[in-house]
Amino acid sequence: MTVKKKPTAAAEKAPPARASATTTLEPPGPAELQMKTWSSAVALFTQQKFREACEPFEEAAKGPAAHIADKARSYLQICQRKVNKPTFDLRTAEDYFNYGVERLNARDFERARAQFAQAIGLQPDGDHIFFTLALCCGLAGDGNGACENLKRAIDLEPRNRILARQDPEFAGLASQSPDLRALLG
């Protein structure tokens, strides 16, 4: 009589052997493809390769996952704005001044200062340029620059002292800077 061995507990828990050793991988679904495309587009975007990122963002915007498609459309718009950035033909002091004011309003202080410097180079007696540059410097945290430029604006046109006293932004800056407060006093 032959005795059969009882299988061990590990053998009982082991998965049954497969008939075939080869496995087939399913191709990625549309949502997975959309996510991969989105990821590659974001990688290009973070490298500031905006032109190259446009196509993958367009592709991701067509995918089935609505939240990814919405994000892709938003990022695509940003890329398109960066790629199709308008060029400016700044020629006069007023051109540079106006562009500087636009940058100041956008709180892009460094670019605004550069534009005002260009304007002053073309119109060194432009009191309104010095006045606005003083405000820009003050808002950017450069109290000395604010004082120097406002002093120059006042030297060129004494009415600028009154205008600065009446300007709420200068009033806020003067409360933080004793030198500016003294200049307006």
Side-chain angles (χ1 to χ4, degrees), residues 38-58 60-61 67 70-185:
W38 161 258
S39 295
S40 68
V42 169
L44 291 167
F45 185 87
T46 55
Q47 296 170 17
Q48 297 185 1
K49 296 181 177 178
F50 303 113
R51 187 175 309 280
E52 294 88 343
C54 285
E55 186 178 327
F57 278 131
E58 283 178 15
H67 67 288
D70 288 341
K71 288 181 185 180
R73 281 189 288 278
S74 295
Y75 275 80
L76 176 60
Q77 287 178 349
I78 294 168
C79 289
Q80 288 171 335
R81 273 186 260 146
K82 296 279 189 180
V83 169
N84 301 321
K85 193 170 22 175
T87 57
F88 297 102
D89 186 22
L90 305 176
R91 294 181 184 180
T92 68
E94 285 305 304
D95 290 342
Y96 284 104
F97 173 76
N98 290 330
Y99 185 52
V101 169
E102 187 274 329
R103 291 289 75 212
L104 176 60
N105 289 337
R107 298 303 195 234
D108 182 358
F109 301 123
E110 289 306 311
R111 187 169 288 161
R113 286 172 102 162
Q115 299 309 311
F116 294 139
Q118 290 285 340
I120 288 169
L122 294 170
Q123 188 179 349
D125 60 344
D127 66 286
H128 67 292
I129 303 169
F130 283 101
F131 184 90
T132 310
L133 178 56
L135 179 61
C136 181
C137 290
L139 293 173
D142 178 8
N144 289 336
C147 286
E148 290 172 18
N149 288 297
L150 185 58
K151 184 176 181 340
R152 179 73 175 128
I154 292 169
D155 289 345
L156 290 168
E157 175 55 64
R159 268 184 332 155
N160 283 324
R161 185 184 316 269
I162 296 166
L163 293 175
R165 284 181 192 153
Q166 295 172 348
D167 188 300
E169 289 181 303
F170 269 115
L173 295 172
S175 70
Q176 299 171 9
S177 168
D179 293 338
L180 194 56
R181 192 170 35 251
L183 183 62
L184 294 177

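These numbers come from a predicted model, not from an experiment.
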**Q** What's the separation between atom CZ in F131 and atom CD in E157, rounded to the nearest 0.5 Å?
**A**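 With rounding to 0.5 Å, CZ (F131) is 11.0 Å from CD (E157).
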
**Q** Can you name the nearest heavy-atom pair linking R181 to Q176, along with the distance?
**A**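 Reported closest heavy-atom pair: NH1-N, 4.3 Å.
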
**Q** Would you say that more than 12 heavy atoms from the other residues, nucleotides or ligands in this model lie under 6.0 Å from the OH of Y75, or not?
**A**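 Count not over threshold, so no.
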
**Q** If you look at every heavy atom in L139 and R107, which pair is closest and at what distance?
**A**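 For L139 versus R107, the nearest heavy atoms are CD1-NH1, 3.8 Å.
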
**Q** Nearest 0.5 Å, what's the NZ-CH2 distance between K71 and W38?
**A** 6.0 Å

**Q** Side-chain contact, heavy-atom cut-off 4.5 Å: Y99 with R111?
**A** yes

**Q** Got a donor-acceptor contact below 3.5 angstrom from the T132 side chain to the I129 backbone?
**A** no

**Q** Determine yes or no for a side-chain-to-main-chain donor-acceptor pair under 3.5 angstrom, with N160 supplying the side chain and A153 the backbone.
**A**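 Here the side-chain-to-backbone pair exists.
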
**Q** Which word best sums up how the rings of F45 and F50 line up, parallel for under 30°, tilted for 30 to 60°, or perpendicular for over 60°?
**A** perpendicular

**Q** Where do R73 and A61 come nearest, in terms of heavy atoms and distance?
**A**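 Here R73 and A61 meet closest at NH1-O, 3.3 Å.
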
**Q** With rounding to the nearest 0.5 Å, note down the distance linking CG in N149 to CD1 in I120.
**A** 6.0 Å

**Q** When you measure from the side chain of R51 to the backbone of K82, do you find a donor-acceptor pair of N or O atoms at a distance under 3.5 Å?
**A**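 No: the side chain of R51 does not pair with the backbone of K82.
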
**Q** Yes or no on side chain to side chain contact (heavy atoms under 4.5 Å, CB included) for N105 and V101, after CA distance, side-chain angles and deciding distance?
**A** CA-CA 6 Å; N105 289 337; V101 169; 3.8 Å; yes

**Q** Taking the side chain from R103 and the backbone from D108, do they hold a donor-acceptor pair closer than 3.5 Å?
**A**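 The answer is no, because no donor-acceptor pair under 3.5 Å joins these two groups.
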
**Q** Working to the nearest 0.5 angstrom, can you tell me the gap between L104 CG and L135 CG?
**A**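 These two atoms lie 5.5 Å from each other.
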
**Q** Which distance, rounded to the nearest 0.5 Å, do you find between the CG of L150 and the CG of D127?
**A**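 Here the interatomic distance stands at 11.0 Å.
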
**Q** Does any part of the side chain of F116, heavy atoms only, come nearer than 4.5 Å to the side chain of Y96, both counted from C-beta?
**A** no

**Q** Looking at D167 and L163, would you say the former's side chain and the latter's main chain have a donor-acceptor pair under 3.5 Å?
**A**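 No; judged by distance alone, with no hydrogens or angles, the pair does not exist.
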
**Q** Kindly give the heavy-atom pair with the smallest separation between A174 and L184, and that separation in Å.
**A** CB-CD1, 3.9 Å

**Q** Indicate the atoms forming the closest heavy-atom contact of L44 with P56, along with that distance.
**A**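 Heavy atoms only, the tightest pair is CD1-CG, 4.1 Å.
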
**Q** Just wondering, are more than 12 heavy atoms of other shown residues or ligands nearer than 6.0 Å to CD in E94?
**A** yes

**Q** Give me the atom names and distance for the closest heavy-atom approach of R165 to G185.
**A**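 Closest approach of R165 to G185, heavy atoms only: NH2-O, 2.8 Å.
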
**Q** Indicate yes or no: does R152 engage D155 in a salt bridge with an N to O separation below 4.0 Å.
**A** no

**Q** OG/S40 to CD/E52 distance, rounded to the nearest 0.5 angstrom?
**A**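 If I round to the nearest 0.5 Å, the distance is 12.0 Å.
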
**Q** With side chain to side chain contact (heavy atoms under 4.5 Å, CB included) as the criterion, how do R161 and L183 come out once you've worked through the C-alpha distance, each side chain's angles and the decisive distance to 0.1 Å?
**A** CA-CA 8 Å; R161 185 184 316 269; L183 183 62; 4.2 Å; yes

